[in-house]
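Working notes for the structure below.
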Amino acid sequence: MTTSPPFFAQLQVAHPIIQAPMAGVATPALAAAVSNAGAMGSLGIGASSVEQARHMIEDTRTLTDKPININVFCHAPAQRDAAREAAWLAHLAPLFSETGAAMPAALDEIYRSFNDDEESFRMLLALRPAVVSFHFGLPSRDRIAALANAGVRTMATATNLTEALRIEEAGVDAIVAQGIEAGGHRGMFDPDAPDECLSMAVLVRLLVKRTNSPIIAAGGIMDGAGVKAALDLGAAGVQLGTAFILCPESAAGDAYRQNLQNERAGSTALTAALSGRPARGLVNRLIRHGASGGVRPADYPVAYDAAKQLHAAAAKAGNHEFAAHWAGQGAPLARAMPAAELVRLLVREAQAAGGAA
Ligand SMILES: Cc1cc2nc3c(=O)[nH]c(=O)nc-3n(C[C@H](O)[C@H](O)[C@H](O)COP(=O)(O)O)c2cc1C
């Protein structure tokens with residue numbers, strides 16, 4: 001019996017490094033620069049319409065013919081609850097009045113789940129990116145099989161062993177082991193389930209031992225020593241998000257970049273106050289306000305509608321205290337440099353540390 005070649009070799013990706021899909025931050029220029037440098041770039045289309053997503057993928061393809069990963073959100077549809085949403089808006093009312101913005105009369109479910117979105121599925125089947133990855137759960141087995149039949153490899157995020165076993169059983173090709181250190185949204189399938197908050201190191205070891213899938217380590221990996229450490233734990237590859245935010249090719253705005261490069265980078269928190277699902281970001285006034293008063297945010301992504309409206313109004317006056325500046329615990333180690341240079345540096349550092357990145 002022959003063993004199939006490792007995940008990255010099959011994809012013909014030279015370095016086992018993935019630039020994380022970061023909805024709103026990863027751009028065609030970022031993903032293409034990473035892929036052209038021999039790692040794998042990703043685009044997050046979870047917050048995009050099908051037309052926006054198609055344009056992003058086509059734009060990336062004008063910049064690279066190397067493999068890219070396209071990431072979608074597979075969350076359960078929002079549980080609409082008028083009383084809960086009104087209570088959340090009432091909790092945010094002082095912040096709206098401070099910015100002078102009109103209080104929204106009602107909130108919307110601003111993103112569709114990929115699981116309810118036939119058009120995005122058809123678009124991905126037609127464009128056939130090298131990899132499609134799933135966050136917040138899984139699509140149907142039929143869709144996973146259809147992508148596989150079209151030659152598309154798949155990955156899905158797990159934050160614990162139970163999720164990893166479901167991913168493996170569903171026939172997904174690789175598991176992204178997302179530790180509690182990670183920036184952005186925790187990919188947990190059910191945000192109301194108990195969360196062990198496993199570190200990347202523990203989760204990677206657990207999944208290497210208990211599954212037969214390639215494990216991609218994510219969370220707090222910022223340099224080549226971190227890459228090597230994750231590979232030494234048995235990971236087949238690594239996925240880095242926060243490390244790429246300061247690249248000039250990312251869509252991060254000036255305030256986000258400044259905060260990542262000053263003392264605020266040392267203070268991140270997991271919060272559901274921004275979007276309705278736990279996510280790690282640089283601590284700001286909205287995160288602190290959300291933690292006060294014991295009020296439960298509206299469900300994901302309904303709460304995000306409120307946060308985005310609040311931020312848009314405040315940002316007009318130069319106030320970025322209500323922004324979603326997602327970042328992981330390794331944020332103080334983020335380095336500002338072009339993405340291709342960062343990939344080359346990560347590889348050099350990992351090799352200097354004795355690793356085979
Ligand atoms: C700004 C930002 C946006 C993110 N958006 C997504 C996303 O759209 N889809 C996804 O699967 N993961 C997303 N993540 C999580 C990453 O996939 C990954 O788990 C995380 O970046 C790893 O931790 P690190 O930031 O410490 O490297 C995001 C992370 C960041 C920092």
Side-chain angles (χ1 to χ4, degrees), residues 17-27 30-31 34 39-48 52-53 56 69-75 111 113-114 131-138 154-159 163 167 172 174-189 198-201 203-204 215-223 226-227 229-230 235 237-247 250-253 256-257 259-260 265 268-271 274-275 277-282 300-301 304 323-335 342 346:
I17 298 173
I18 301 173
Q19 162 256 312
M22 295 183 281
V25 170
T27 60
L30 179 67
V34 170
M40 186 160 65
S42 308
L43 295 172
I45 62 165
S48 305
Q52 289 167 332
M56 281 169 73
N69 164 41
I70 306 300
N71 176 260
V72 295
F73 293 158
C74 297
H75 53 282
Y111 312 137
S113 169
F114 178 70
V131 179
V132 168
S133 65
F134 312 117
H135 206 50
F136 303 145
L138 290 166
T154 50
M155 310 194 294
T157 308
T159 61
E163 290 167 352
I167 291 168
V172 171
I175 303 174
V176 178
Q178 189 194 38
I180 193 70
E181 306 92 331
H185 281 90
R186 243 167 117 54
M188 59 216 301
F189 289 19
L198 298 176
S199 70
M200 179 274 282
L203 183 60
V204 167
I215 303 303
I216 313 295
I221 302 171
M222 301 299 294
D223 57 18
V227 172
V238 292
Q239 180 163 302
L240 286 66
T242 305
F244 284 95
I245 299 174
L246 291 177
C247 294
S250 95
Y256 196 176
R257 289 175 193 270
N259 287 341
L260 260 183
T268 67
L270 266 184
T271 181
L274 272 121
S275 73
R277 261 183 173 264
R280 183 177 295 282
L282 300 177
Y300 177 89
Y304 225 169
H325 288 167
W326 303 129
Q329 290 178 336
L333 297 172
R335 298 174 286 193
L342 180 56
L346 291 168

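Whatever order the structure lists ligands and atoms in, that order sets their numbers, starting from 1. Along the sequence shown, residues are numbered consecutively beginning with 1. Values in this document were obtained by computation on a predicted structure and should not be read as measured data.
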Heteroatom distance test ([X], ligand 1): nitrogen or oxygen, under 3.5 angstrom:
| X | result |
| --- | --- |
| Ile221 | no |
| Ala20 | no |
| Trp326 | no |
| His185 | no |
| Thr157 | no |
| Gln329 | no |

Quick check against the 3.5 Å criterion: does [X] have a side-chain atom that pairs as donor or acceptor with the backbone of [Y]?
| X | Y | result |
| --- | --- | --- |
| Gln178 | Thr157 | no |
| Arg277 | His75 | no |
| Thr242 | Gly328 | yes |
| Gln52 | Ser48 | no |
| Asp223 | Leu333 | no |

### Query
Can a non-hydrogen atom of Phe73 be found less than 4.0 Å from any atom of ligand 1?
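In this structure, Phe73 qualifies as a contact of ligand 1 - some heavy atom is under 4.0 Å.
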query = Does Gly219 have a heavy atom less than 4.0 Å from any atom of ligand 1?
reply =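 Gly219: in contact with ligand 1 (<4.0 Å).
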Just to be sure I read this right, does ligand 1 sit under 4.0 Å from the backbone of [X], its side chain, both, or neither, counting only heavy atoms?
| X | value |
| --- | --- |
| Met22 | both |
| Tyr256 | side chain |
| Thr242 | both |

Nearest non-hydrogen protein atom, [atom]:
| atom | answer |
| --- | --- |
| atom 26 (O) of ligand 1 | Gly220 N, 2.8 Å |
| atom 17 (O) of ligand 1 | Gln239 NE2, 3.0 Å |
| atom 8 (O) of ligand 1 | Ala23 N, 3.1 Å |
| atom 12 (N) of ligand 1 | Pro21 O, 3.5 Å |
| atom 9 (N) of ligand 1 | Asn71 OD1, 2.7 Å |
| atom 19 (O) of ligand 1 | Gln178 NE2, 3.0 Å |

>> Pairing donors with acceptors under 3.5 angstrom, does anything connect the side chains of Ser42 and Asn71?
In response: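 The answer is no; no qualifying pair exists.
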Hey, mind stepping through Arg257 and Ser250 against side-chain hydrogen bond (donor to acceptor under 3.5 Å, both in side chains) and telling me if it holds?
CA-CA 10 Å; Arg257 289 175 193 270; Ser250 95; 3.1 Å; yes
Heavy-atom side-chain contact between Phe136 and Phe114 under 4.5 Å =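 Side chain of Phe136 against side chain of Phe114, heavy atoms only: no contact under 4.5 Å found.
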_Side chains of Gln19 and Leu240, heavy atoms from C-beta outward: is any pair under 4.5 Å?_
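No. Closest side-chain heavy atoms not under 4.5 Å.
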- prompt: Would you call the rings of Phe73 and Tyr111 parallel, tilted or perpendicular if under 30° counts as parallel and over 60° as perpendicular?
  reply: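 Rings of Phe73 and Tyr111: tilted, 30 to 60°.
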**Item:** Counterpart residues, side-chain contact (heavy atoms from CB on, under 4.5 Å), relative to Leu43 (two or more places apart)
**Value:**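 Result, side-chain contact (heavy atoms from CB on, under 4.5 Å) vs Leu43: Pro28, Ala31, Met56, Ile57, Thr60, Ile70.
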Considering Gly183, Gly184, Gly241 one by one, which has a heavy atom nearer to atom 15 (C) of ligand 1 than any of the others?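 Shortest heavy-atom distance from atom 15 (C) of ligand 1: Gly183.
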Practice task
Just jot down the ring pair (Phe, Tyr, Trp, His ring centres under 6.0 Å) partners of His325, sequence neighbours excluded, or say none.
Solution key: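 Per chain and number, His325 pairs via ring pair (Phe, Tyr, Trp, His ring centres under 6.0 Å) with Tyr256.
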*asked:* Need the ligand 1 atom indices (1-based, order shown) with element for anything under 4.0 Å from a heavy-atom of Leu240.
replied: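 Per the distance check, 27 (O).
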